[in-house]
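Report on one structure; see the data block that follows.
Reminder, nothing fancy here: chain letters follow the sequence lines and each chain counts from 1. Below, each value reflects all heavy atoms present in this structure, side chains not excepted, and no hydrogens, waters or symmetry copies.
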Amino acid sequence: MKRTTLSYHIIRNVLLFCIGLFLVTFSIYYYFTRNTIRDDTSENAIFMAKNIVNRIEQVLTPAEKNPEIIAKMLESSFLDKDSLVPFLKSMLKGNQNVYGSIIAYEPNFFPEQGLYFAPYVYRQGDSINSSILGDKNYEYFYMDWYQIPKITNAPYWSEPYFDEGGGNVLMTTYSVPFYTYKNGQRTFSGIVTVDISLEWLTKIMSQVKILNTGYAFLLSRNGVIIAHPNKDYVMNQSIFTIARENNQPALRETGRKMIQGKSNFESAGFKSEWKPGKLWINYAPLPSSNWSIAVIYPEDEMFASLHRMNIILIVLILFGLSVLSFVIYKIVKKLTAPLKHFAESARLIAAGNFNVHLPEIKTDDEMKELHNSFSFMQKELGDYVINLKDTTAAKEKIESELRIAKEIQMSMIPHIFPPFPDLPQIDVFAVLKSAKEVGGDLYDFFVIDGNKFCFAIGDVSGKGVPASLFMAVTRTLVRSISDKEYSPSVIVGTLNKSISQNNESSMFVTFFLGVLDLSNGNLKYTNAGHNPPVIIKNNKEAVMFEKTKYIPVGLFEDFEYGESSLQLESGDKIFLYTDGVSEAENSENKLFGDGTIMDIVSMNVTASPRELIGKMEEGISAHVNGFAQSDDITMMTIVYNG
Amino acid sequence: MKPFLCKALIISLLVFHITFLHSQTPKIIFAPQWLPQAQFAGYYVAQEKGFYKEAGIAVEIIHPSANTQATELLATGKADIISLFLITGISAKNKGLDLVNIGQISQHSAILFVTKKSRGIDKLAKLNGKKIGIWKSGFDEVPKALMQEKNYNVEWVPILSTVNLFMMDGIDALTVMSYNEYDYIINCGVNEDELNVFPVSDYGYDVPEDGLYCLKSTYEKRKSDFDKFLQATFKGWDYAAANKEFAMDIVLKRMKEAHVPANRVHQGWMLDKVLEIVLTPNKGVKRGELLESDFLKAAGILDNSTKSEIKFTFNEFYKPLGK
């Protein structure tokens with residue numbers, strides 16, 4: 001694993017937290033600032049549109065007045081037929097915005113004038129001229145400026161048009177119907193118009209400055225482009241043809257809302273062909289002519305200040321984070337410097353150098369606490385190790401004593417095989433394996449008077465040193481008692497009496513003692529609470545001795561032990577063992593058991609004593625399978641070869 | 001004057017005259033019935049692509065003006081061939097202009113009545129008693145005949161050329177050409193689903209429109225030249241159908257030259273619609289052929305509306321070119 005430092009972890013975590021915090025703060029800031037800018041722009045756009053609308057209305061609204069007044073005058077018969085032209089001329093003189101004016105009458109209004117009568121006054125250069133319009137080729141009754149106000153019975157601003165006669169100027173005409181009284185009936189009698197040049201409109205629109213590349217455009221009632229920075233659009237395209245040409249349905253929808261006289265500030269769903277990027281649009285109607293004005297805000301410019309702020313902010317924050325990292329690094333390094341020394345000290349202490357010098361801590365904080373703990377640990381460890389040394393020395397002493405005790409114990413039991421090379425009638429083999437250094441099991445055999453073979457096996461209650469001492473006592477007593485006695489029951493009875501007296505620790509020993517007459521094979525034995533041995537007859541049949549009815553030795557001083565006898569034939573074998581064999585446990589707490597003992601004996605009826613015990617050891621070893629030995633194991637096999 | 005000089009002059013004049021006659025390709029002046037627009041794309045394309053020249057004729061295209069109609073151009077000899085609606089052609093002949101139809105270009109009627117759905121006119125019968133705008137300059141016979149046959153009392157409002165009165169709701173319905181004014185309305189921001197449309201062809205009045213006419217007197221003399229003109233014109237139409245963008249470029253160029261407001265989108269729409277009625281007749285008729293049934297239908301309408309009997313037969317009116 002890559003080695004990392006504490007300052008790396010702290011800096012990483014602090015930075016991650018700071019970046020998260022920054023992102024959240026930045027998002028909130030961005031969201032609200034953006035909304036604010038949008039609202040501001042919206043206000044600005046509404047103001048700007050209103051301003052343009054007002055400037056246009058300043059020309060259009062007064063222009064409406066003249067024909068409306070003339071219509072009123074005609075209705076009140078203030079003007080007679082001959083004064084129409086001079087009147088219109090004087091009106092034109094006083095209104096620089098008006099390029100021409102017509103008073104067009106209904107067919108045959110003045111019978112003497114015929115079908116058409118429409119006095120027309122117009123500017124031509126600096127002079128003002130007049131003519132009478134209307135003939136077969138100029139049937140004004142069917143023209144929009146006449147027909148629409150007549151049929152709709154309302155004043156009408158015409159769709160803008162290029163006046164080809166008057167120097168190809170963009171014009172619009174305002175038409176007002178007038179009425180006269182015929183036979184007392186107010187009757188439609190004709191139309192008064194004024195022609196207004198829209199050149200000033202282009203000027204107003206071109207003066208509109210929106211951010212860097214924003215722009216404004218003007219639509220007629222039919223959606224025709226009247227003013228637009230792209231001159232090719234003007235009067236050639238309507239917003240709807242542009243929408244279709246560029247396949248921009250959203251533009252058509254915006255156009256529809258515009259010509260319906262709606263106003264709004266919104267994110268444009270369409271793209272401009274000549275101004276890339278997302279756009280915002282504000283549109284508003286012109287109340288007089290029902291035209292509609294739109295101002296376009298390029299989004300990137302709208303939010304340019306915000307984006308600039310963002311960059312500055314990000315640079316500042318990156319710088320701040322770098323400085324923060326550096327400062328954290330420095331602080332952590334300073335704070336954790338003693339830790340390195342502590343680590344070194346700990347390593348030295350671990351190596352056994354308890355007097356190592358600890359780093360000096362001047363501050364009164366956690367580091368000081370660590371220092372105190374370290375120094376406490378140092379002292380405690382020192383004390384502990386001294387203590388441990390003493391304990392270990394004591395333990396070693398005890399262990400060595402125990403080793404000696406074991407050697408003594410082992411030397412008390414016969415361990416040279418074959419034990420009686422000059423007595424061919426008998427062969428013995430035995431093993432004793434203590435669970436601890438010293439144990440409470442015992443076996444013994446010896447020959448009395450040259451032809452009595454006495455053998456015993458026993459198991460002292462408890463383990464360890466007490467049991468071993470008890471065993472030594474038992475063995476010594478047996479040897480001394482059997483010096484003068486041949487009867488197993490007497491030997492065991494005497495043993496019991498001797499042990500039971502002064503048996504303060506209430507220990508006891510299960511004990512089997514047999515005396516075999518080597519001359520005739522007669523075996524006498526007493527079993528004092530010990531596991532019944534196994535007898536193998538004729539190298540074939542293995543039988544367990546009957547269970548004993550006598551209690552172990554050392555319990556009751558006056559207990560009477562009896563004895564049994566058995567006739568051995570040549571080749572018969574006796575297998576004796578302690579409960580360390582039958583109760584050998586494996587890891588699943590399963591005992592080795594009498595059954596297994598019998599099985600192994602039965603399978604090895606012809607084996608020599610050493611071989612039989614070897615097989616039994618293998619069996620036990622396979623059964624416990626490495627599980628720790630909990631009890632002393634003792635086995636002895638005797639063959640009678642009489 | 002000396003005799004030698006006189007002879008030389010006569011000979012040189014003769015020689016000049018003969019070479020002049022031989023080098024001169026026959027010239028045809030053609031006038032469509034309206035100002036330049038995509039309705040006549042086939043002619044412009046044929047001229048621009050040199051199809052007329054290939055056919056061995058020189059064609060000049062002139063246009064009528066507000067004051068001079070195409071029939072007048074033909075009558076005064078300013079045009080050799082003109083394009084007219086079938087009904088206009090029959091009417092003009094009946095009024096004494098001795099013209100003949102030498103080829104029928106379009107085979108269907110493109111005339112529609114259109115109303116705003118907001119006016120609640122959802123079937124033809126509801127036009128009864130309503131104000132309907134109609135061209136003042138002609139083409140009014142078919143729609144008027146339809147209304148007359150249905151016995152609807154309609155107030156016809158003559159309109160010069162715009163859709164403004166319709167847009168201002170000054171009238172209930174407007175008579176339009178599917179390839180022309182209908183698209184103007186769409187381009188004024190009215191959606192198609194906001195309109196109800198009644199094509200006259202749906203009511204038995206599918207009268208063919210654009211056809212080519214010449215004076216009967218010139219027909220006899222210049223039959224083969226005119227046939228070349230007709231064939232080259234169809235070639236022009238085919239080329240326009242296959243190369244719409246090219247055709248549009250030419251149409252817009254012609255419009256700009258004539259100082260007519262030009263809008264590519266609208267002209268594109270017109271070209272598509274006109275090609276439908278020119279190139280896909282869909283009624284078992286040969287290209288350029290005028291069916292007698294169509295003649296009779298048109299003559300009947302005219303007969304009815306003007307109460308004047310048609311003074312000539314189909315064969316006198318229709319003079320197919322070629323074999």
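Heavy-atom distances place both the backbone and the side chain of A:Thr241 under 4.5 Å from chain B. Residue contact with chain A, scored on non-hydrogen atoms closer than 4.5 Å, involves the backbone and the side chain of B:Ile186 alike.
Under a cut-off of 6.0 angstrom, the local environment of NZ in A:Lys203 is sparse, with at most 12 non-hydrogen atoms contributed by other residues, nucleotides or ligands. More than 12 heavy atoms of other shown residues, nucleotides or ligands fall within 6.0 angstrom of atom CH2 in B:Trp156. A 6.0 Å sphere centred on NZ of B:Lys126 holds more than 12 heavy atoms belonging to other residues, nucleotides or ligands. Counting non-hydrogen atoms of neighbouring residues, nucleotides and ligands closer than 6.0 angstrom, the CD atom of A:Gln185 reaches no more than 12 such neighbours.
Distance check: A:Tyr156 OH to B:Leu165 CG gives 8.5 Å after rounding to the nearest 0.5 Å. Summarising the geometry, atom CD belonging to A:Gln237 is positioned 4.5 Å from atom CG belonging to B:Asn263; distances are rounded to the nearest 0.5 Å. Taken from CG in B:Leu252 to CG in A:Asn236, the straight-line distance is 9.5 Å, to the nearest 0.5 Å. To the nearest 0.5 angstrom, B:Thr162 atom OG1 is 8.0 Å from A:Asn222 atom CG. Distance CD/A:Glu159 to CE/B:Met167: 8.5 Å, rounded to 0.5 Å.
Closest approach of B:Met168 and A:Ile148 over heavy atoms only: CG-CG2, 3.9 Å. Of all heavy-atom pairs spanning B:Val190 and A:Arg252, the tightest one is O-NH2, 2.8 Å.
For the options A:Lys150, A:Met235, A:Glu139, A:Gln260, heavy-atom pairs under 4.5 Å to chain B are most numerous at A:Glu139. With chain A as partner, the option from B:His266, B:Arg264, B:Glu194 having the largest number of non-hydrogen pairs under 4.5 angstrom is B:Glu194.
Side-chain polar atoms of B:Asn164 and A:Asp144 form a donor-acceptor pair below 3.5 angstrom. Side-chain atoms of A:Ser238 and B:Asn187 include no donor-acceptor pair closer than 3.5 Å.
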Could you walk me through whether B:Asn191 and A:Glu253 pass side chain to side chain contact (heavy atoms under 4.5 Å, CB included), step by step?
CA-CA 10 Å; B:Asn191 289 347; A:Glu253 271 321 298; 4.0 Å; yes
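The backbone N or O of B:Pro158 lies less than 3.5 Å from a partner atom in the side chain of A:Gln147, making a donor-acceptor pair.
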